[in-house]
Number of protein chains: 2
Amino acid sequence: MTLQRPYTSILDRLRTVGLRPTRQRLALAKLLFDNGHRHISAEQLHSEALGSNIRVSLATVYNALHQFTDAGLLREIVVEPGRSYFDTNIATHHHFYFETSGRLEDIPGDEVRWEKLPAAPVGYQIKRVDVIVRVDG
Amino acid sequence: MTLQRPYTSILDRLRTVGLRPTRQRLALAKLLFDNGHRHISAEQLHSEALGSNIRVSLATVYNALHQFTDAGLLREIVVEPGRSYFDTNIATHHHFYFETSGRLEDIPGDEVRWEKLPAAPVGYQIKRVDVIVRVDG
DNA sequence: GTGATTGCAAATCTTTTGCACTAAA
DNA sequence: TTTAGTGCAAAAGATTTGCAATCAC
């Protein structure tokens, strides 16, 4: 798990995780990390990039999102078949999912505490615990 | 939330939720509910049906799975983009997800207890809380 | 009968892949 | 240079849709 280092430049962050700071990655990272925490889909990020005159293909957006995720800069959240978001907040926290709007909202980590949680099956380690509170109304 | 009524026939269960007990729905429901609790994908159920000489199209399998889910007979669990399962266990419970194998395993409801959980946002109700414990090893 | 359900094939949507081209080190 | 990264178009999956044919009531 990579710690978030708010005062590290995007360029250094990419270098640190071993990704070449290409024009596309820098631009996408800027959109992702310079606008506060966000829940964004690949398609959304692609449109946003095009809207900001960053010429980048959807395939590259997918590549970058997955590389960032593997590097621990992002976290992927799947809420429905065919609907997944990338979360720029990599601290431990959870989510409300608004089924009608498809929107995701953070639940701060300290708003969820376990009284009991099972141990990992023998031979396995817990990588992450996802809590999705599904709401509608 | 529909209570599970183990001694109700499949035919009656379909009738109760207002679904006509067609040949296809009866056969699929039999595969789903007469074999203990299972986590099954649409594709898997379709293969299983064909393997049991039940002629049914994949589209109908999807339809039936969604109708059963809407009726409260099934619960859908999405673990990764492009990988979702239908769970015949509709009691409150949670899941281990084995990232390497793609397998899902039940965590009984009483193995997870909350010390703290946020209230629903104003104007919304909590429909369900999904806990997915992601493990690898 | 008549209205719900099905099958099929086509369409849609999301995501991945192959490969020639380009750019970073 | 050398190797990683990119774009594009095509492929691959998963899921949905439209509509005529079929089935439950």
Side-chain angles (χ1 to χ4, degrees), chain A residues 9-31 39-50 53-71 73-74 76-86 99 102 104, chain B residues 9-31 39-50 53-71 73-74 76-86 99 102 104:
Chain A
S9 77
I10 283 175
L11 198 142
D12 287 343
R13 256 202 267 184
L14 292 182
R15 286 226 172 90
T16 302
V17 300
L19 292 172
R20 284 192 186 175
T22 63
R23 183 169 33 82
Q24 292 83 344
R25 285 186 187 149
L26 279 169
L28 293 174
K30 214 158 149 36
L31 288 176
H39 304 116
I40 194 168
S41 70
E43 196 59 66
Q44 274 166 31
L45 182 58
H46 185 231
S47 312
E48 218 170 272
L50 297 186
N53 283 314
I54 299 156
R55 213 161 50 290
V56 64
S57 72
L58 183 55
T60 297
V61 171
Y62 271 104
N63 284 339
L65 285 172
H66 288 143
Q67 291 152 351
F68 293 176
T69 302
D70 293 345
L73 303 175
L74 288 178
E76 187 169 8
I77 322 257
V78 197
V79 286
E80 283 185 14
R83 177 172 263 156
S84 78
Y85 293 104
F86 293 86
E99 306 212 318
L104 217 47
Chain B
S9 75
I10 283 175
L11 199 140
D12 285 344
R13 256 202 268 182
L14 292 183
R15 287 224 172 90
T16 301
V17 298
L19 292 173
R20 283 192 185 174
T22 62
R23 182 170 37 80
Q24 292 84 343
R25 295 214 272 232
L26 279 168
L28 293 174
K30 215 157 147 37
L31 288 176
H39 304 117
I40 195 169
S41 69
E43 197 60 66
Q44 274 166 31
L45 182 58
H46 185 230
S47 313
E48 219 172 271
L50 297 186
N53 283 315
I54 299 157
R55 213 161 47 292
V56 64
S57 72
L58 183 56
T60 298
V61 171
Y62 271 104
N63 284 339
L65 285 172
H66 287 143
Q67 290 152 352
F68 293 175
T69 301
D70 292 345
L73 302 175
L74 288 178
E76 186 169 10
I77 323 257
V78 196
V79 285
E80 283 183 16
R83 177 172 262 156
S84 78
Y85 293 105
F86 293 86
E99 305 212 320
L104 218 48

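All chains are named by letter (A, B, ...) in the order of the sequence lines, taking the proteins before the strands, and each is independently numbered beginning at 1. Keep in mind the model is a prediction, meaning the values are calculated, not measured.
- Residues satisfying the salt bridge (Lys or Arg N to Asp or Glu O under 4.0 Å) test with A/Glu76, not counting sequence neighbours, are none.
- Comparing the axis of the opening five pairs of the helix from C/dG1-D/dC25 to C/dA25-D/dT1 with that of the closing five pairs yields an angle of 30°, rounded to 10°.
- A/Arg55 pairs by the side chain to side chain contact (heavy atoms under 4.5 Å, CB included) definition with nothing, not counting sequence neighbours.
- Remark: A/Ala27 pairs with A/Ile54 by the side chain to side chain contact (heavy atoms under 4.5 Å, CB included) rule, at least two apart or across chains.
- Residue pairs meeting the salt bridge (charged side-chain N to carboxylate O under 4.0 Å, His left out) criterion with at least one partner in residues 17-28 of chain A, sequence neighbours excluded, are absent.
- A/Tyr62 is linked by a ring pair (Phe, Tyr, Trp, His ring centres under 6.0 Å) to nothing, counting only residues two or more places apart in sequence or in another chain.
- Every residue meeting the side chain to side chain donor-acceptor pair (under 3.5 Å) condition with B/Glu48, not counting sequence neighbours, appears here in chain and number order: B/Arg38.
- Note that CG of B/Leu14 and CD of B/Gln67 are 10.0 Å apart. Values are rounded to the nearest 0.5 Å.
- Atom-to-atom, CD of B/Glu76 to C1' of D/dT16 comes out at 13 Å; the value is rounded to the nearest Å.
- Residues passing the side chain to side chain donor-acceptor pair (under 3.5 Å) test with B/His46, sequence neighbours excluded: none.
- Shown here are the ring pair (Phe, Tyr, Trp, His ring centres under 6.0 Å) partners of A/Tyr85, two or more places apart in sequence or in another chain: there are none.
- From the 5' end on, the contacts that DNA chain C makes with chain B at under 4.0 Å to a non-hydrogen atom open and close at C/dG3 to C/dT15.
- The residue B/His46 sits apart from the nucleic acid: no heavy atom pair falls under 4.0 Å.
- With sequence neighbours excluded, no residue forms a side chain to side chain contact (heavy atoms under 4.5 Å, CB included) with B/Asp70.
- In terms of phosphate contacts, B/His66 brings a side-chain nitrogen or oxygen within less than 4.0 Å of OP1 or OP2 of D/dT16.
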Along nucleotides 2-14 of chain D, 5' to 3', which nucleotides get a B, which get an S, and which get a -, given that the test is a protein heavy-atom distance under 4.0 Å?
-> -BSSSBB-----S
